[in-house]
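Shown next, in structure tokens, is the structure this report addresses.
All values reported here derive from a predicted model rather than from experimental measurement. Just so it is clear, the values below take in all heavy atoms, side chains as well, and ignore hydrogens, waters and symmetry mates.
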Amino acid sequence: MKKAKNTKAPETVGLNETMPHQISAPSFEGTGIKMEPPFVNKSGVTIGDSIYASPNSPLENWSKDTDPSIMAGDEWVHPTNDIGWNTSENRELLESKKKPQAYPFMHPSKDVSQGSD
């Protein structure tokens, strides 16, 4: 029996703008960046589903004749479910996009304390 080719990616792998299965993954909540669903690239590999083995992946079919550049490019990187978000630089980027913690109790664009000292 022949296996069906994976042509449809799962709808979501996150929960409340986080990746709970990745202990160090940052939260996208409040950043304006929406978590994106997994996608299937032109090689038939699902990217961003957190299942790192795929029967269509060059990694699973590697030989001495495989050109490593086949796995280069944006089609191999998920915009929100990527290990790169776990770096301190990218975590800082996300934190800088969040509103201050006092947000609900302060004016969104006016600093009323300015010049009071």
Side-chain angles (χ1 to χ4, degrees):
M1 178 184 280
K2 190 175 180 181
K3 278 186 150 180
K5 188 175 181 182
N6 180 11
T7 57
K8 184 167 177 51
E11 292 299 314
T12 184
V13 294
L15 175 68
N16 296 330
E17 303 299 320
T18 65
M19 301 298 260
H21 61 284
Q22 294 181 16
I23 195 157
S24 297
S27 170
F28 289 89
E29 189 172 23
T31 64
I33 299 173
K34 294 293 176 198
M35 291 186 68
E36 295 187 26
F39 63 90
V40 178
N41 69 13
K42 70 180 180 184
S43 297
V45 177
T46 302
I47 305 297
D49 65 351
S50 297
I51 300 171
Y52 302 105
S54 171
N56 299 325
S57 173
L59 287 176
E60 303 300 320
N61 301 291
W62 204 264
S63 75
K64 64 180 177 125
D65 299 321
T66 303
D67 180 4
S69 68
I70 194 171
M71 293 186 67
D74 290 341
E75 70 169 310
W76 294 97
V77 179
H78 192 272
T80 53
N81 185 8
D82 183 75
I83 196 74
W85 285 111
N86 295 355
T87 65
S88 59
E89 296 86 359
N90 285 334
R91 291 176 78 82
E92 287 175 17
L93 173 70
L94 287 178
E95 289 299 318
S96 72
K97 293 180 176 288
K98 293 181 180 179
K99 293 182 175 157
Q101 291 220 347
Y103 165 70
F105 304 106
M106 61 185 248
H107 194 280
S109 63
K110 306 286 186 232
D111 181 359
V112 296
S113 67
Q114 184 177 2
S116 63
D117 48 339

Original post:
Quick one: does Asn90's side chain have a donor or acceptor within less than 3.5 Å of a partner on Gly84's backbone?
Top reply: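 A pair under 3.5 Å: yes.
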### Query
According to a 4.5 Å side-chain heavy-atom criterion applied to Ile, Leu, Val, Met, Phe, Trp and Tyr, with indirect links allowed, do Leu93 and Val77 form part of one hydrophobic cluster?
no
Spatial distance of atom [atom1] ([X]) from atom [atom2] ([Y]) [nearest 0.5 Å]:
X     : Y     : atom1 : atom2 : result
Glu75 : Ser43 : CD    : OG    : 5.0 Å
Thr80 : Ile33 : OG1   : CD1   : 9.0 Å
Asp74 : Asn41 : CG    : CG    : 11.5 Å

Practice task
Output every pair passing salt bridge (Lys or Arg N to Asp or Glu O under 4.0 Å) with a member in residues 58-70, not counting sequence neighbours, ordered by first then second residue.
Solution key: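 Pairs touching residues 58-70 that pass the test: none.
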Residues pairing under salt bridge (Lys or Arg N to Asp or Glu O under 4.0 Å) where one sits in residues 84-96, two or more places apart or in two chains, turn out to be Glu95-Lys98
Next item on the list: Give the minimum heavy-atom separation between Ser54 and Gly44, together with the two atoms involved.
Entry: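 What the structure gives for the nearest pair is OG-O, 4.3 Å.
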What one should report as the nearest heavy-atom pair of Gly48 and Pro38 is O-CG, 3.5 Å
- State which residues pass side-chain hydrogen bond (donor to acceptor under 3.5 Å, both in side chains) with Lys97; sequence neighbours excluded, sorted by chain then number.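 For Lys97 there are no side-chain hydrogen bond (donor to acceptor under 3.5 Å, both in side chains) partners, ignoring immediate neighbours.
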| message | For Asn81 and Ser50, which I'm curious about, is there any donor-acceptor pair between the side chains at under 3.5 Å? | response | yes
Counting heavy atoms not belonging to Ile70, are there more than 12 under 6.0 Å from its CD1?
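Not more than 12 within 6.0 Å, no.
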Review point. Is there any ring-ring contact (aromatic ring centres under 6.0 Å, His included) pair reaching into residues 60-84, and which pairs are they, with sequence neighbours excluded?
Key: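 Listed by first then second residue: Phe39-His78.
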Q) Are any of the side-chain heavy atoms of Asn61 and Thr66 separated by less than 4.5 Å? A)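 No, too far: nothing below the 4.5 Å cut-off.
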Inset, instruction - Decide yes or no for Thr46 and Ile51: does some side-chain heavy atom of the first lie under 4.5 Å from some side-chain heavy atom of the second? - result: no
